[in-house]
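This report concerns only the one structure given below.
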Amino acid sequence: MGEPEDAGAGTVATDLPGTGQEPVRTDEPAAGDDRPAGGEEDALLVLTAALLTPAQFPGALGDDFPEACGRLRLPPLPHGYGLILGQDGAGARWTVVVDDVSLVAVAIASWDCGMEYELTPAPRAIVATLPGWPLELAVAAPGVPAPHDPDLSGDPEAPEILRPPSVSGWGPAQRRLGADEISRQWSTWRAEFTEGEEGGAEEGAAEGGERAGKGTTAGDRTEPVTEEGAGTEGGARAADGDGDGDGDGGRASIPENAGAFVAPGSEPTAASVRAALAEARAYLDAPPPPGRIRSAFASEEARLLRVDGPGWSLVARTDDMAFVLLDAVPGEVIPVERGPRLPALLAGLDALAARS
């Protein structure tokens, strides 16, 4: 939800602060005048765009909307912002923040459909022009030097240049990126999990053991752990919505940002899953900051949830199961099956969510 789309098109006419001034806030032209301001030398070549709203923002920026805004030194206004990332004529990286969220949303939707869209906001819509990019991009504008940070050394009071969160190792940003990937590709991930279960069933049947239909990551029996800490008989399985922490769906070939399906296989990991579900449940009594629970359309009868908390991320469909990612379990995705309490938890979270 909210990741930037590459290969945008358009130009943004704005006064780029080449001497390290505070972010430019455009008060001109007068109301009603939508003509671009500035000359060609001020034009920003648009590479991509992203939404920064309570319902949609790049997960790499934070667990919630205020935290994401804080990375760009922006107040968390309820209507949010559109972010336009590009390069100036010298190749320097700049991020233009606009308050015309609808314009940016239309551009992203058009690019998603493979359509061209000239993203050129009116100058009066520009809230700030910030040096650098808050997100990692793998594209560059043609005909200009390679992307680089603008030289703001001439001003000792130059604002800090925006840089993407580090994703070189597993941590909060990488965990949220993985959850975002699952959210975007739910059907694929759900199918991977189902195939893993079926593979485990076939292996168990071939061995003649009691693990048929359950699946395991390493062939070991692992007892499910309930919220109360009591185990039950049977082979390894995914956690259920009662807060059980044990589960697996077989390892799968999946995107690098997310990890692999895995059964926790240890009480510390199972306890971390239970703790994450308990924190999510606590949101029903004490709603978290905006954007920590987000809901997107999945079908006529269901919504897709993205929920974050300290050290954990959850992705779920309100009519299905959930997946949990933990800072404490690098690169792994823990399935949570639909137990008797999960439906009510997901319904309650959806009622609190920022919706897109």
- Student check: side-chain heavy atoms of P66 and P290 closer than 4.5 Å: yes

- Note on the structure: Scanning both residues in full, the closest heavy-atom pair of S295 with R303 reads OG-NE, 2.8 Å

- Any idea how F65 and F57 line up, ring-wise: parallel (<30°), tilted (30 to 60°), or perpendicular (>60°)? tilted

- How many angstroms lie between CG in L314 and CG in L325, if you round to the nearest 0.5 Å? 9.0 Å

- Taking all atoms of both residues into account, what is the closest heavy-atom pair of A298 and L304, and its distance? CB-N, 3.8 Å

- Quick one: closest heavy-atom pair of R294 and A55, and the distance? CD-O, 3.3 Å

- Message: Please determine whether side chain to side chain contact (heavy atoms under 4.5 Å, CB included) holds for the pair V97 and L130, giving the CA-CA distance in whole Å, both sets of side-chain angles, and the decisive distance to 0.1 Å.
- Response: CA-CA 8 Å; V97 183; L130 306 172; 3.9 Å; yes

- Query: Do R71 and P165 come within less than 4.5 Å of each other through their side chains, counting heavy atoms only?
  - Reply: yes

- Message: To the nearest 0.5 Å, what is the distance between CG on L345 and CZ on R338?
- Response: 10.5 Å

- Rounded to the nearest 0.5 Å, what's the gap from CG on L44 to CG on D88? Could you check? 7.0 Å

- Item | Euclidean distance, L305 CG relative to R355 CZ, rounded to 0.5 Å | 8.5 Å

- List for me each residue that meets side-chain contact (heavy atoms from CB on, under 4.5 Å) alongside P147, sequence neighbours excluded, and say none if there are none. Q87, R93, W133, A140

- Side-chain heavy-atom pair L326, I334 within 4.5 angstrom cut-off: yes

- Item | Heavy-atom side-chain proximity of L162 to P131 below 4.5 angstrom | no

- Item | Passing option when L83 is tested against V104, V96, L72 for side chain to side chain contact (heavy atoms under 4.5 Å, CB included) | L72

- Item | Minimum-distance pair of heavy atoms, taken over all atoms of E67 and G62 | CD-CA, 3.5 Å

- Less than 4.5 Å apart, any side-chain heavy atom of P75 and any of Y81? yes

- Item | All side-chain contact (heavy atoms from CB on, under 4.5 Å) counterparts of P330, not counting sequence neighbours | W170

- Query: Are side-chain heavy atoms of D64 and P288 found at a separation under 4.5 Å?
  - Reply: no

- Can you list the residues that meet the salt bridge (Lys or Arg N to Asp or Glu O under 4.0 Å) rule with R317, with sequence neighbours excluded? D319

- Message: Does any part of the side chain of E160, heavy atoms only, come nearer than 4.5 Å to the side chain of R73, both counted from C-beta?
- Response: yes

- Give a yes or no on whether a salt bridge exists between D63 and R175, defined as a side-chain N under 4.0 angstrom from a carboxylate O. yes

- Sub-4.5 Å side-chain heavy-atom contact between Y283 and I293: yes

- Euclidean distance, D180 CG relative to S313 OG, rounded to 0.5 Å: 8.0 Å

- Between D308 and R176, is there a side-chain N and carboxylate O pair less than 4.0 Å apart? no

- At their closest point, which heavy atom of P335 faces which heavy atom of M321, and how far apart are they? CB-CE, 3.5 Å

- Mind listing the closest non-hydrogen atom pair of P164 and L135 along with its distance? CG-C, 3.5 Å

- Note on the structure: Rounded to the nearest 0.5 angstrom, the OG1-CG distance for T95 and L85 is 4.0 Å

- Message: side chain to side chain contact (heavy atoms under 4.5 Å, CB included) for W94 and T129? Distances and angles first, verdict last.
- Response: CA-CA 7 Å; W94 294 94; T129 302; 3.9 Å; yes

